[in-house]
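Reminder, nothing fancy here: chain letters follow the sequence lines and each chain counts from 1.
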4 protein chains.
Amino acid sequence: MSRGTTRERLFTAAIDLIAERGFAATTVDRIAERAGVAKGTVYYNFGSKSALFDALLDFGITRFAQRLRDAAAGLPPDAALDAVVREELAFLAEHEAFARLLIAETWRQGGGDWQHAALMIRERVVGAVADVLRAAVDAGLLRADLDVPTAASAVFGMVLVVGLDWRALQPDRPRAEVEATLLDLLRGRLAAV
Amino acid sequence: MSRGTTRERLFTAAIDLIAERGFAATTVDRIAERAGVAKGTVYYNFGSKSALFDALLDFGITRFAQRLRDAAAGLPPDAALDAVVREELAFLAEHEAFARLLIAETWRQGGGDWQHAALMIRERVVGAVADVLRAAVDAGLLRADLDVPTAASAVFGMVLVVGLDWRALQPDRPRAEVEATLLDLLRGRLAAV
Amino acid sequence: MSRGTTRERLFTAAIDLIAERGFAATTVDRIAERAGVAKGTVYYNFGSKSALFDALLDFGITRFAQRLRDAAAGLPPDAALDAVVREELAFLAEHEAFARLLIAETWRQGGGDWQHAALMIRERVVGAVADVLRAAVDAGLLRADLDVPTAASAVFGMVLVVGLDWRALQPDRPRAEVEATLLDLLRGRLAAV
Amino acid sequence: MSRGTTRERLFTAAIDLIAERGFAATTVDRIAERAGVAKGTVYYNFGSKSALFDALLDFGITRFAQRLRDAAAGLPPDAALDAVVREELAFLAEHEAFARLLIAETWRQGGGDWQHAALMIRERVVGAVADVLRAAVDAGLLRADLDVPTAASAVFGMVLVVGLDWRALQPDRPRAEVEATLLDLLRGRLAAV
DNA sequence: TATGAATGAGATTTCATTCAT
DNA sequence: TATGAATGAAATCTCATTCAT
C-alpha cells in the first residue's frame, strides 16, 4: 500500500474517532484498528499521536478554507457572503466529525502547540470569511467602519454553533431551513415588519 | 480548612486546567497539586474525577444561566435581547476559563455522560436566550415565524465565539467595541446606508 | 510499606538485573517483579527508568567510595595503599553485580547524562585511591614526580578488571591469592630475583 | 557501492553508536542512517542485529590481538612486555570507540550470547599479553611462581582503564606521558628512592 | 544488491482509583 | 476530614524483523 493511501486512511479514522471522544480520549490502538493497519504504522507515518493530530488539523483546515474561498470566487460581494455561509453549513454537514474536532480542540490556552493551531484556524478559515466581508465593505454594501475581524468571527461562530446544534439535536431537519434562518439573521431580516 | 473551601479550591483548579488541556488530558494529580491538597482529598470530596467535572459543570452553568436571566428580567423585549448579549459577553470575560471549558467539552457525541452535559448547556444557557427571543416574538418585535431555537443557538454561538476570539487575540480591546459590533450585527445594522 | 523500604528493594532488584543484562536490556517489569511491587510503584518512586538508574548509580558509588576511604583511614601511607586495594577487591566480591554495572555503563561518550555519571566515578571512587597515593607521595614513600591521577586510574582499573575476571572465570579461587598477585604487582615485586 | 564497502560503512557506524549508547540501546535504524543506507540493507548484509555485532566484535578483536602479537614478535621478553603495553595504548587511542564498546559489552553474565563474546576477549586479547608474560617467566625475568593469567588480566585492565580515562578526561595529553607512567608502574619503579 | 513501508510483540509510561493511616 | 504510597489496567511508543518491489 502506498504511503499516501495509508496516511489518508489514518486521517479518516482519526477524524471520526477524535470527533466522537476528543483527542485525549481517542487511543492510537483504535485509530489503527479503524484504519485497518497495525499500531506501529501510525508511528511509522506520523511519529507520534500529537503529530498525527497536527497533520490532520492542517489537512482539514486547508480543505475547509479552500471550500469557502472557492464558493465565493467570482461572485459579487453580496452573493459571496450568502455563498460563504451556505458553504460553511454544507461543509459542517459533510464533515460533521471534523467540525466537532475543530470546536473541541481549538480554543485552548497556554498549551504550547495548541496556540499555534488556534491561530491557523483564525488565519485560514475565518480569514476566508473576512475577505468576503472586506470586499463587501469596499463595494459599499456594508458600513465603511465595520469591524471586519470581529464580524468575520461572529459569522463564522454563528454558523459553526448552529450547524453543530442542528446535527446534534435535529439532524432530520432540511438544511434549507437552517440556512434560511441563518441568512435572515445575517441580513437583518428578523424584524416583524 | 472547611469543606466548602476545599471544594472551591478544587473547582477553581479544575476549571483552569480543563480549560487549558481539556477534561481527558487533565489529571487528578495536577488538579490536587494546583488546589494545594493531596490527591486523596479529591476522592474524599467528589468520589471520582468525572463527578468533580459534573459538579463543576453544573455549578458553572447554573451561574451562567442565572446571570443571563437576571440581566433580562423586567426589561422590555428589545432591551432584553441587548442585555442578554451584553451579559453573555461580560460573563465570558469574567470566567474565560470556564467558557473555554464549555466550548471544548460540549459538542461531543457518543460519549454517554457527555450527551447529558451537552443537553444541560442547551436547556439552561441557550434556553435563557430562547426565552428572550420568544418574548420578542410574542411582543410583535420579531417575525412570528421565527425559528426561535435556531436563532437562540445562533445568537449564543456568535457571542461565544466572538468572546473567546476577543480574549485570545485582542484581550486589550475594550469590551464596549466588541459589544457594539455584536449588537449591530444582531440588529441588522450592517448595511451601508 | 515505607517509601524508604520500597526504594531499597527496587535498588537491590535493579542492580542485580542491570548487572546481568545491562541497563537497556533490563525491563521495568522485571525490576518490579523481582522487588515484589507493582510496576507503577517504580514510577511513583523514581519517575522514570533512567532516574532509577541514576539514583542507583549514585547510591552505589557513594557506598563504594566510602568503603575505600574508611579502609584507608588512620593507616600510614604504605599500609593504606594495600588496604585500599584489598578493600576494592572485597567490595567487588561482595557487590559483583554493581561492579559489572559500573564497568558496563560508565565509559560512555557523548550520551548526555552518562558523561555526568562517568565523572562521578572518577571524582569519588578513583579519587579515594588518588588521595592515598598523594599521601604516600607526601610521606616520601613514592616518587615526588608521580603522575597521581594516572596512577590512581591504573590501580583502580587493574583491581577492577582482575576482580571481574576472577569472579567470572575462577570464582572458587580464594581471594587471598588474587590479592597477593595484585599487591605484588603493585609493589614491583615481580622480578625473578 | 560494493558489498565490502557497504559492510565497512555499517561496521564503522555500528562501532561508533554502540560505543556511545551500548548495544541494546543502539537501533538498527540509526546504524543504517549513519551508514547512509536503508534499513533493509543491514539485514541483507548481516541477517540480524546481533550477527552484525558478532561480526564486528570478531573483526575488531582479531585486529587488536594481532596488533599486540605483532608488536611483541621477535623482541626479547623484557622489551616485549613494554611493547605490548605501548601497542595496547596506541590501539586504544586509534580505535577509541571500539575500546569503549569492548569494556562496556564484555563483562556480562547470563546473557547467553555475551558469554561467548567475553571468552573471545579473554582468549585472544588477554591471551596475547599472557603469552608475553609467560615468555618472560620462562626466560627467568619474572618470578617462576607468577600467576600469569591474573597478571595478564591486571596488565590488560590497567592499560584499558588508563587509556579510556586518558581519552575521556585529558585527550590533549601526549601519549608518551601516559605510557611512561604505565611502564614505571609495571616495572615497580614507583618507590621514592 | 538494495530498499523502505509495514508489522506486532513488547517496552516505557500514565493515571484514576484504593486504602491504611 | 485529609493524606499519599501503592496499584494495575490501559495508554503511548519503540524497534528488530519481514517482504514486495
Residues in ring-ring contact (aromatic ring centres under 6.0 Å, His included) contact with Phe64(B), at least two apart in sequence or another chain: Phe91(B)
Salt bridge (charged side-chain N to carboxylate O under 4.0 Å, His left out) partners of Arg34(B), counting only residues at least two apart: Asp16(B), Glu20(B)
Ile31(C) CD1 to dA6(F) P, straight-line distance once rounded to whole Å: 16 Å
Nucleotides 12-21 of chain E: protein proximity per nucleotide (B base, S sugar-phosphate only, - neither; heavy atom, under 4.0 Å): BBBSBBB---
Consecutive-pair stems (at least three Watson-Crick or G-U pairs, under 3.5 Å) that include DNA chain F: E:2-21 with F:2-21
Arg30(C): salt bridge (charged side-chain N to carboxylate O under 4.0 Å, His left out) partners, not counting sequence neighbours: none
Those residues that, when tested against Thr27(C), pass side chain to side chain donor-acceptor pair (under 3.5 Å) (two or more places apart): none
Rounded distance (Å) that lies between atom P of dT1(E) and atom CG of Leu10(D): 14 Å
Between dA2(E) (C1') and Phe46(D) (CZ): distance, integer Å: 14 Å
Partner residues of Thr12(A) under the side chain to side chain donor-acceptor pair (under 3.5 Å) criterion, sequence neighbours left out: none
Test item: Phe23(B) and Leu101(B) side chains (from C-beta on) under 4.5 Å apart, heavy atoms: no
Salt bridge (Lys or Arg N to Asp or Glu O under 4.0 Å) contacts in which one or both residues fall within residues 35-52 of chain B, not counting sequence neighbours: Asp29(B)-Lys39(B)
Between P of dT7(E) and CD of Glu33(A), the distance in whole Å: 14 Å
dA6(E) OP1/OP2 closer than 4.0 Å to side-chain N/O of Thr6(A): yes
Spacing between Arg30(D) atom CZ and dA16(F) atom P, to the nearest angstrom: 11 Å
All side chain to side chain donor-acceptor pair (under 3.5 Å) counterparts of Glu33(C), not counting sequence neighbours: none
Asn45(B) side chain near dT1(F) phosphate (N/O to OP1/OP2, under 4.0 Å): no
